[in-house]
Amino acid sequence: MIIVAGGGIGGLTLGCALSKARKPFQIFERAGELRPIGAGIALSPNAFQALAHIGMDDRVRSCGWDLELADLCDSRGRLLMRARVPKLAAGVTKAMTRANLQQALIEELGTTVQTGRAVVDYQSTSSGVRVRMADGEEIEAELLVGADGLRSSVRRAMRGNELLRYSGQTSWRGLVTGVEINEPHCVTESWGPCQRFGMVPIGASHVYWFAVANAPVGERDEIDPRHELRRRFAGWHAPIDRLLALTPPDQVIRTDIFDRPPINCWVDGRAVLLGDAAHPMTPNLGMGACQAIEDAVVLADALSREPSVDAALTRYQSRRISRANSFVERSFRFGQVAHTSNAPLRWFRDQAIRALRLVPDFVISRAMARDFDFRL
Ligand SMILES: Cc1cc2nc3c(=O)[nH]c(=O)nc-3n(C[C@H](O)[C@H](O)[C@H](O)COP(=O)(O)OP(=O)(O)OC[C@H]3O[C@@H](n4cnc5c(N)ncnc54)[C@H](O)[C@@H]3O)c2cc1C
């Protein structure tokens with residue numbers, strides 16, 4: 001029996017993959033019910049390629065909306081750069097609500113997640129692992145997978161207390177329905193001093209927006225976060241103010257952005273980390289969930305292919321660590337450059353981005369191909 005701690009995107013995808021591989025497993029989720037955390041999400045071609053290995057690409061694709069163009073603008077809406085998303089790599093990039101993605105994964109799982117059950121600790125045994133639950137129960141298993149997110153308990157049991165790395169940035173997210181969208185397949189990100197605003201269409205008149213700004217850790221909004229956001233983004237181009245005004249205040253989600261510096265070992269005996277528990281990254285490259293999906297598919301494949309669990313864990317780590325860690329570092333650096341408070345540096349940055357418009361699509365495409373390509 002394989003125990004999966006965490007019923008988030010990584011844990012659910014792993015459950016689907018183990019199900020297809022006919023490996024017995026149980027997912028334990030700390031939350032009392034499975035609720036999607038967050039508003040929208042974008043999945044890149046590599047995530048769909050990974051999902052294709054477990055026959056789930058069509059199901060997840062069907063709940064998404066095609067993104068074909070990516071615009072980078074300044075705060076007045078002047079274009080710095082436009083990229084054609086499909087030309088960046090073979091395959092699709094799709095945006096969707098987290099709720100729809102979660103629903104698709106749960107439907108494919110074919111079993112129930114045990115909610116209200118937190119994993120707190122584990123101990124290696126001669127035949128596997130003994131998993132300790134918050135209610136005191138101890139469960140013997142062949143393998144424990146810590147898919148329990150940024151503040152993973154399995155990781156704490158494995159590595160002790162490690163500090164999170166605060167990026168210096170906080171984020172807000174929201175969903176708006178019933179808005180007219182000029183270019184319904186174009187994702188737009190606009191950059192101003194120390195803050196940026198993104199708009200991602202997830203339907204013909206449905207938008208997922210996000211705002212990111214430099215802020216001290218732990219800062220909180222007044223009761224209605226839209227006041228703070230409309231003040232911060234006053235004078236920015238349309239339809240930013242309208243999107244903020246149309247979002248119900250109780251549906252604006254604020255999250256400080258943390259990651260952890262990369263580590264080079266995700267395995268301890270018969271416990272292994274996956275997704276944000278292994279490689280939490282800032283959301284700047286939109287790759288956290290995509291990497292959790294890749295992890296899940298590679299781990300399930302390794303468990304089916306290798307003669308022993310130990311060999312499977314070795315294969316999993318060697319296939320995954322350098323790729324996932326590279327996104328962690330690049331995503332963190334991206335945030336530092338996007339949010340620099342140094343005005344001359346900002347000027348050079350924007351000139352460099354404008355200059356990228358002169359680079360032919362196929363060159364950019366080649367440079368990014370590895371990121372958007374997944375192979376088992
Ligand atoms: C603002 C923002 C925007 C993002 N946008 C994108 C995007 O567009 N594209 C993309 O690819 N990624 C994006 N990400 C990243 C993505 O959300 C994460 O990388 C992804 O959710 C990680 O999945 P996970 O399953 O590893 O962890 P999680 O989704 O965090 O799931 C962990 C689960 O474990 C449960 N849990 C915690 N502790 C325990 C325990 N002790 N026992 C049992 N269960 C436990 C939690 O309740 C949770 O359900 C974004 C992140 C943020 C913050």
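Bear in mind that the values here come from a model prediction, so they are computed numbers and not experimental data.
Residues satisfying the side chain to side chain contact (heavy atoms under 4.5 Å, CB included) criterion with Arg370, sequence neighbours excluded, are absent altogether. The side chain to side chain contact (heavy atoms under 4.5 Å, CB included) test applied to Ser153 returns Asp148, Arg156, not counting sequence neighbours. The ring pair (Phe, Tyr, Trp, His ring centres under 6.0 Å) check on His185 picks up Trp65, with sequence neighbours excluded. With sequence neighbours excluded, no residue forms a side-chain hydrogen bond (donor to acceptor under 3.5 Å, both in side chains) with Ser167.
Note on ring orientation: taking the six-membered ring where Trp is involved, the planes of Phe233 and Trp236 are perpendicular (angle over 60°, cut-offs 30° and 60°).
Evaluation of the ring-ring contact (aromatic ring centres under 6.0 Å, His included) test over residues 286-316, restricted to residues two or more places apart or in two chains, returns Trp266-Tyr316. Within the structure, salt bridge (Lys or Arg N to Asp or Glu O under 4.0 Å) pairs that include any residue of residues 40-61 comprise Asp57-Arg61, Asp58-Arg61, Arg59-Glu107 (at least two apart or interchain).
Between Arg117 and Glu29, none of the side-chain N atoms (NZ, or NE/NH1/NH2) sits under 4.0 Å from a carboxylate O, so this pair counts as no salt bridge. Using a cutoff of 4.0 Å between basic side-chain nitrogens and carboxylate oxygens, Asp276 and Arg151 are not scored as salt-bridged. At a threshold of 4.0 Å, the pair Lys23-Glu142 does not count as salt-bridged, since none of the basic side-chain nitrogens sits closer than that to a carboxylate oxygen. For the pair Arg232 and Glu228, the salt-bridge criterion is met [side-chain N within less than 4.0 Å of a carboxylate O]. Taking the charged nitrogens against the carboxylate oxygens, Glu306 and Arg319 have no contact shorter than 4.0 Å, which rules out a salt bridge. Between Arg226 and Asp224 a salt bridge is recorded (basic side-chain N to carboxylate O distance below 4.0 Å).
Within the cation-pi definition used here (under 6.0 Å to the ring centroid, within 45° of the axis), Arg173 does not qualify as a partner of Tyr208. In this structure, Arg270 forms no cation-pi arrangement with Tyr122, as its terminal cationic atom is not both closer than 6.0 Å to the ring centre and no more than 45° off the ring axis.
Looking only at atom types and distance, the side chain of Thr97 has a donor-acceptor partner in the side chain of Asn100 under 3.5 Å away. Under the 3.5 Å distance criterion, with hydrogens and angles disregarded, no donor-acceptor pair is assigned to the side chains of Arg132 and Gln123.
Partner of Val272 under the side-chain contact (heavy atoms from CB on, under 4.5 Å) criterion, chosen from Val129, Asp295, Val267, Val309: Val267.
Within the model, atoms CE of Met287 and CG of Leu43 stand 9.5 Å from one another, a figure rounded to the nearest 0.5 Å. To the nearest 0.5 Å, atom CG of residue Asn46 and atom CG of residue Asp373 are 8.0 Å apart. The line from CZ of Phe327 to SG of Cys290 is 8.0 Å long, rounded to the nearest 0.5 Å.
Clustering ILVMFWY residues whenever any of their side-chain heavy atoms sit less than 4.5 angstrom apart, transitively, puts Phe334 in the very cluster that holds Val328.
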